[in-house]
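All remarks here apply to the structure that follows.
From a predicted model like this one, the values you see are computed outputs, not experimental measurements. Counting starts at 1 for both ligands and their atoms, following the listed order.
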Amino acid sequence: MAKMEPAAVVYFQGKYVPTEQAKISVMTHAFNYGTGLFEGIRGYYVQDVDNILIFRLEEHVDRMVRNMNILCMEIDETHEQISEICCEVARRSGFREGIYIRPICYKSELSLGPKLRGVESSFCCYVIKLGDYVDIQKGLDVVVSSWRRLSDNAIPSRVKSTGSYLNSSLAATEAKQAGFDEAIFLREDGTVAEGSAMNLFMVAQGKLVTTPPNSDILVGITRNTVIELARDELGIEVIERPIARTELYVCDELFFTGTGAQVAPVRSVDRRLIGAGQPGELSKRLQELYFRVVQGKVEKYRNWCTPVY
Ligand code: PMP
């Protein structure tokens, strides 16, 4: 991710404190073993209402709280309090532009040993300014990674855990070093999983195809949003099934989805052009609809947008 422009205040150890005071020890369990999990939540600044709208806050908090069970985490803050803290940190930022909210639950105990049960957990949350994370206009040039997506049975891909981003970092670094914008991970069985920090959709025979929730992916909230919008607003059939690598080369359109990536068309994979080598029609329609929805412009989905101010 690009350079961070943090807000002046974060939530740390049960209080709102100046960002520079929010420090953890070198002995922190999460720092040593990657035992943290987090969310990435976008807030969109909407000029005509002079407000920031947080997109699908409830779904993000819900994913976080459910996944805490996988990492045997218990914290003092309730589900409702986590939502409120996300809003409050955003509010205290005073920002009037696009933001990214990062709530983190982590094993905060200063203790040795890679175990989960009986190790104290804590919650913190910060906010930064964030514009586009990847180019969403030109179409991305992507490469199939030589790194495999981690298996849900090894380091659960379902959990947005801090440790699992080593896997993402390896793939993204390899792709960028080779001159590509992004990577696509395959699974150990050779089928497609997702991008380094985004889910993948393919358009083939007029249908939208994406990998299922049990295919070593992080089940993205943007993914679920796009599935719903495609089905209910554009009347497009959406199929969740395994995708073979070579299907990527012969499909009509490809795009990534993610809180950071938003809806990001792909124009080539492994130097093979997808379709006409530019963002496809359906990708562009979904992208346009997505941006109207996140800005609270579509009445039916206004309840997905939580105002900050
Ligand atoms: N997969 C991975 C590995 C990710 O890091 C992300 C970003 N959170 C996604 C998919 C997309 O998830 P979401 O749409 O919930 O942001």
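Every atom of ligand 1 is numbered from 1 in the order shown, and the set under 4.0 Å from a heavy atom of Arg149 is 3 (C). Near Gly220, meaning under 4.0 Å from one of its heavy atoms, ligand 1 places the atoms 12 (O), 13 (P), 14 (O), 15 (O). Interface of Glu194 with ligand 1, defined as ligand atoms under 4.0 Å from a residue heavy atom, comprises 1 (N), 2 (C), 3 (C), 10 (C). Heavy-atom proximity to Asn199, at under 4.0 Å, picks out these atoms of ligand 1: 10 (C), 11 (C). Short contacts between ligand 1 and Lys160, defined as distances under 4.0 Å to a heavy atom of the residue, involve ligand atoms 5 (O), 7 (C), 8 (N). Under a 4.0 Å criterion applied to the non-hydrogen atoms of Tyr165, ligand 1 contributes the atoms 4 (C), 5 (O).
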Stepwise side chain to side chain donor-acceptor pair (under 3.5 Å) test for Arg292 and Tyr290: CA-CA 5 Å; Arg292 286 202 294 126; Tyr290 182 75; over 6 Å; no
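Under the 4.5 Å side-chain criterion, counting only non-hydrogen atoms from C-beta, Tyr45 is not in contact with Ile99. Residues Trp304 and Glu228 meet the side-chain proximity criterion, which asks for heavy atoms closer than 4.5 Å. Tyr249 is listed as a side-chain neighbour of Asp270, based on a closest heavy-atom distance under 4.5 Å. Proximity of Tyr126 to Met4: side-chain heavy atoms (C-beta onward) are separated by under 4.5 Å at one or more points. Contact check for Lys300 versus Glu233: side-chain heavy atoms found under the 4.5 Å cut-off. Proximity of Leu53 to Val308: side-chain heavy atoms (C-beta onward) are nowhere separated by under 4.5 Å.
Checked by distance only, ligand 1 and Thr259 come closer than 3.5 Å through their nitrogen or oxygen atoms. The N/O atoms of Ile221, backbone and side chain alike, include one that comes under 3.5 Å of an N/O atom in ligand 1. Any N or O atom pair closer than 3.5 Å counts here, and Arg63 shares at least one such pair with ligand 1.
Looking at Ser196 against ligand 1, only its backbone comes within 4.0 Å, counting heavy atoms.
The single protein non-hydrogen atom nearest to atom 14 (O) of ligand 1 is Thr222 OG1, 2.6 Å, given as residue, atom name and distance.
With distances taken over non-hydrogen atoms, the option nearest atom 2 (C) of ligand 1 out of Gly258, Ala197, Gly40, Ala193 is Ala197.
Geometric assessment of Lys107 against the ring of Tyr33 yields a negative cation-pi assignment under the 6.0 Å and 45° thresholds.
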